[in-house]
Amino acid sequence: MVGNGHETGAEPDTEAKYADLEQWTRSTFDVEAIDYRWSSQDYSTPDRLPYVGHSPLSRNVLVATGFHKWGLSNGTAAAVMLADLLAGRDNAWLPTFDAGRIGDAKAVGELIKDNLKVGKEFIGGRVARVKAIPAAELEPGHGGLVDVDGETLGAYRDPDGDLHAVHPTCTHLGCPLRWNPAETSWDCNCHGSRFDADGFILDGPTVEPLEQVELPVDP
Ligand code: FES
């Protein structure tokens, strides 16, 4: 089953999303067991059409992105368009998917809304950090913001009780990260970067891992 989508880094209780989906599935079908579950992440453009073609920032770079969960078909179509572009052939689809387009008024409105959200997240996420708890209160299997000697860190206590601590600020453009309990990851609501509990990159646009923090004594 699929469903219960949410914006990256915007949902505080991602476990509840899975629980809700499982409850619906069990009430609708005769389910013996649920062996696997996972979340995927995809990018959307403001007008929901992928960007394909020359990057607006460099003619020497070709892009294909914003598949809006339709990577199988959109990815294949993008490959055809880029192959034609490289070979100098005309392609009737390319103007519609133009990676440098601005879009109609609705798309521009979406873009402005998204950028305002980034600003709000940049400031609001920091204010929310007053909720950091003492690291010693973090139970095995749980993660979140912790206070270590007055500094707010991101931490995950693994099932063996070891603490994995990072600086929970996104290395893309500095937005505060949120803990995703269902995926045990640090997620950014600004542009969707994701990091694992040790700060390694799971998803871009960032290209820098998080700084790990060695705690002198495991609190
Ligand atoms: S600031 Fe985190 S993805 Fe851009």
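Keep in mind that what you see is a predicted model, and the values were worked out from it rather than measured. For ligands, and for the atoms within them, numbers begin at 1 and follow the listed sequence.
In this structure, atom 1 (S) of ligand 1 lies nearest to the protein heavy atom Leu173 N, 3.3 Å.
SG atoms of Cys188 and Cys170 are separated by 2.5 angstrom or more, inconsistent with a disulfide link.
Side chain of Asp158 to backbone of Asp160: a donor-acceptor contact under 3.5 angstrom is found.
Counting heavy atoms under 4.0 Å from ligand 1, residue Ser193 touches it through both backbone and side chain.
Remark: at atom 2 (Fe) of ligand 1, atom SG from Cys188 and atom SG from Cys170 enclose 110°, rounded to the nearest 10 degrees. Between His191 atom ND1 and His172 atom ND1, the angle centred on atom 4 (Fe) of ligand 1 amounts to 100° (nearest 10°).
Note: Trp186 and Tyr156 fail the aromatic proximity criterion, with ring centroids not under 6.0 Å apart.
Within the coordination shell of atom 2 (Fe) of ligand 1, defined by N, O or S atoms under 2.8 Å, Cys190 is absent.
Counting heavy atoms from C-beta outward, Tyr43 and Asp203 have side chains that approach closer than 4.5 Å.
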Is there a side-chain hydrogen bond (donor to acceptor under 3.5 Å, both in side chains) between Thr206 and His172 once you walk through the steps?
CA-CA 5 Å; Thr206 190; His172 178 224; over 6 Å; no

